[in-house]
Amino acid sequence: MTATVPHVPSEEPIPDPAGRVELPPGTTLADSRFVNDDLLPVPVARRRWTTYNFAALWVGMAHNIPSWLLASGLVALGMDWKQAVFTIALANVIVLLPMLLTGHAGPKYGIPFPVLARASFGLRGANLPAMVRAAVACAWFGIQTWIGGQGIFVLLGKIFGGWAEAAEVGGQPWTLWVCFVLFWVLELAIIYRGMEALRRFENWAAPFVIVGAVVLLVWVTAKAGGVGPLLDQPSKLGWGADFWPVFFPSLMGMIAFWATLSLNIPDFTRFGAGQRAQIRGQTLGLPTTMTLFALLSVFVTSGSQAVYGAAVWDPVALAAKTDNVFGLLFALVTVLVATISVNIAANVVSPAYDLANLAPRFINFRTGALITGVVGVLIMPWKLTESPELYIFTWLGLVGGLLGTVAGILIADYWLVRRTVLDLTALYTPGGPYWYTSGWNLRAVAAFVVGGVLAVGGSHSAPGKGPFPEDGLIPFLRPLADYGWAVGLAASLVLYVVLMRVGGQPRTAARGR
């Protein structure tokens, strides 16, 4: 496929006052191995997402069932509401920084994550971080879809009755599989309409989900007899020696929850009207809404402990305890909107671009979205949410370590090596400054391998609680495992800068408008 930027009559390109760069009118990018229409820079005229659009995107993505399970899972692990909210608030303030740093390239150059990764990994090497990110996103898509389908199953079963007693297929009632498939089809139908449809959906979904969470809080507060029982549930860990071994891996798990978006946030910021829009929108949208939602989650979970004698960490299971048909229907719609709003934004957009980058000639954005949907089912997501330990420590810890490593390389290359200056045309052209060794920057690969081993090599599980050995995959790295995201980011960032400076990599001159 030959991609051509539409020609706009003009004698000379006019510099953009906001510092945004685009390909000169009439530029032809002829190598179909590295370009298609979905990977091209977004023209400046189409970069129009505002502060509200980014804030609404984050509200829609933060207010979902897996986010709820993060906070309620911490309560189930023994924290009180103050400890759980503190852990989540701190994690989201920390992860906001790499989010803003990697997001900078979006409004400036209009490029998605896999194209940005070409600057550091090479035109071909960018497929390495893109496929790591795509694999994680596919798994997340499957998890979210399973949770959404499960929510529909539980709530409809409560309304109509008899669903849970249906004949089993593959260890689950066939009615659950029907709900799962129907929800899967609905999600792909929405994303198939494109990014503009996603923006409009997020704008109205965000406030609706907030209302649904508040309604659940009011209901459980009434059942508990007031706010007092929600706040009186004590910590089982205290603030001493029992707390910190749970706090640090939980903090890394909370960071890892959005570590995926800290990589591919350029997929969204490339539509931004400018840096101010993405910085303000993300700062207003991510830490504040995640902290608010964490408060709602832990209050409701603490309330469930007061009412039912045990913490009910799944909001769908909690909502199903009511016999009010209207309340069940409202909960059903809230589950649908909340899950769709995060899943299509966070877990379909990115792998669709990543897969398009792998084979631009054959895969476009829509094809990539369909592939994501299929892979998300094949990873059997029902296995990953069986317990808080498996969900927070094993899954999020492993994911966070690997993605932190990639984030470190991207940040080091864009901010420390190139000082935010990229050759836009060369990002799509073999033989240029990003070609390195046959399309691969071996220094970036080395930094990724070393950082990844340090971050996840010590992964361990308690006996019977996960897939790793109790002493860790590499026993002497076990002490680092609880800090996987931070270790991966710091190690790969430092090593990449050192290797690039030793190799004498020059900063790139900007080309394009």
Side-chain angles (χ1 to χ4, degrees), residues 1-8 10 12-13 15-16 19-44 46-47 102 104-131 133 264 266-267 269-270 352-365 368 406 409-410 412-415 417-445 496 500 503-513:
M1 177 187 296
T2 299
T4 304
V5 179
H7 179 71
V8 178
S10 175
E12 293 290 338
D16 180 70
R20 295 174 297 180
V21 179
E22 66 179 347
L23 294 170
T27 300
T28 299
L29 301 171
D31 197 323
S32 61
R33 295 174 298 168
F34 303 107
V35 64
N36 63 23
D37 290 339
D38 294 313
L39 296 176
L40 279 173
V42 174
V44 166
R46 287 177 47 211
R47 300 178 204 174
T102 54
H104 184 278
K108 183 171 183 178
Y109 295 102
I111 54 177
F113 157 67
V115 175
L116 173 62
R118 293 175 181 179
S120 52
F121 282 86
L123 268 71
R124 286 175 171 158
N127 286 315
L128 173 61
M131 287 302 99
R133 173 64 184 92
N264 74 281
D267 294 343
T269 61
R270 68 193 296 231
Y353 284 128
D354 295 337
L355 292 165
N357 186 71
L358 181 65
R361 185 184 306 175
F362 305 106
I363 303 175
N364 60 19
F365 180 83
V406 176
I409 295 170
L410 293 185
D413 183 79
Y414 184 70
W415 286 97
V417 175
R418 305 189 190 280
R419 308 296 174 88
T420 77
V421 178
L422 300 175
D423 184 334
L424 192 54
T425 303
L427 288 170
Y428 300 88
T429 308
Y434 309 121
W435 190 240
Y436 300 105
T437 303
S438 301
W440 288 80
N441 183 2
L442 301 181
R443 287 164 286 188
V445 175
Y496 181 81
M500 293 298 283
Q505 176 67 24
R507 284 190 291 165
T508 307
R511 289 168 58 184
R513 184 188 298 182

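Positions are given from 1, in the same order as the sequence printed here.
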ask   = Who are the ring-ring contact (aromatic ring centres under 6.0 Å, His included) partners of Y414, not counting sequence neighbours?
value = H104
query = Is any side-chain heavy atom of E22 less than 4.5 Å from a side-chain heavy atom of P43?
reply = yes
request  = Supply the atom-to-atom distance D423 CG to Y428 OH, rounded to the nearest 0.5 angstrom.
outcome  = 11.5 Å
ask   = For the side chain of N36 and the backbone of L39, is there at least one donor-acceptor N/O pair under 3.5 Å apart?
value = yes
Gap separating the CD1 atom of I409 from the CE atom of M500, nearest 0.5 angstrom = 10.5 Å
note = Correct closest heavy-atom pair for I363 and L355 would be CD1-O, 3.6 Å
remark   = Taken to the nearest 0.5 Å, the spacing of W435 CH2 from T429 OG1 works out to 10.5 Å
message = Can you give me the closest heavy-atom contact between Y496 and N441, atom names plus distance?
response = OH-ND2, 3.5 Å
Residues that R270 engages under side chain to side chain donor-acceptor pair (under 3.5 Å), provided they are two or more places apart = Y353
message = Restricting to non-hydrogen atoms, name the atom on P360 and the atom on L358 that form the minimum distance, rounded to 0.1 Å.
response = CD-C, 3.8 Å
ask   = Sub-3.5 Å donor-acceptor pair from the side chain of R418 to the main-chain atoms of A119, do we have one?
value = yes
message = Using the side chain to side chain donor-acceptor pair (under 3.5 Å) criterion, which residues pair with D354? Sequence neighbours excluded.
response = S350
ask   = CZ/R443 to CZ/F121 distance, rounded to the nearest 0.5 angstrom?
value = 13.0 Å
ask   = Shortest non-hydrogen contact from Y436 to Y434?
value = CD1-O, 3.3 Å
remark   = For R47 and V21, the nearest pair of non-hydrogen atoms, with its separation, is NH2-O, 2.7 Å
Contacts of T420 that satisfy side chain to side chain donor-acceptor pair (under 3.5 Å) - sequence neighbours left out = K108
query = Distance from L40 atom CG to D37 atom CG, nearest 0.5 Å?
reply = 6.0 Å
List the atom pairs, donor and acceptor, that lie under 3.5 Å between side-chain atoms in residues 110-117 and the rest of the protein, sequence neighbours left out.
none

task = Name all pairs fulfilling the side chain to side chain donor-acceptor pair (under 3.5 Å) condition that reach into residues 115-126, sequence neighbours left out, sorted by first residue then second.
result = R118-N357
query = Can you check whether Y109 reaches P41 side chain to side chain, under 4.5 Å on heavy atoms?
reply = no
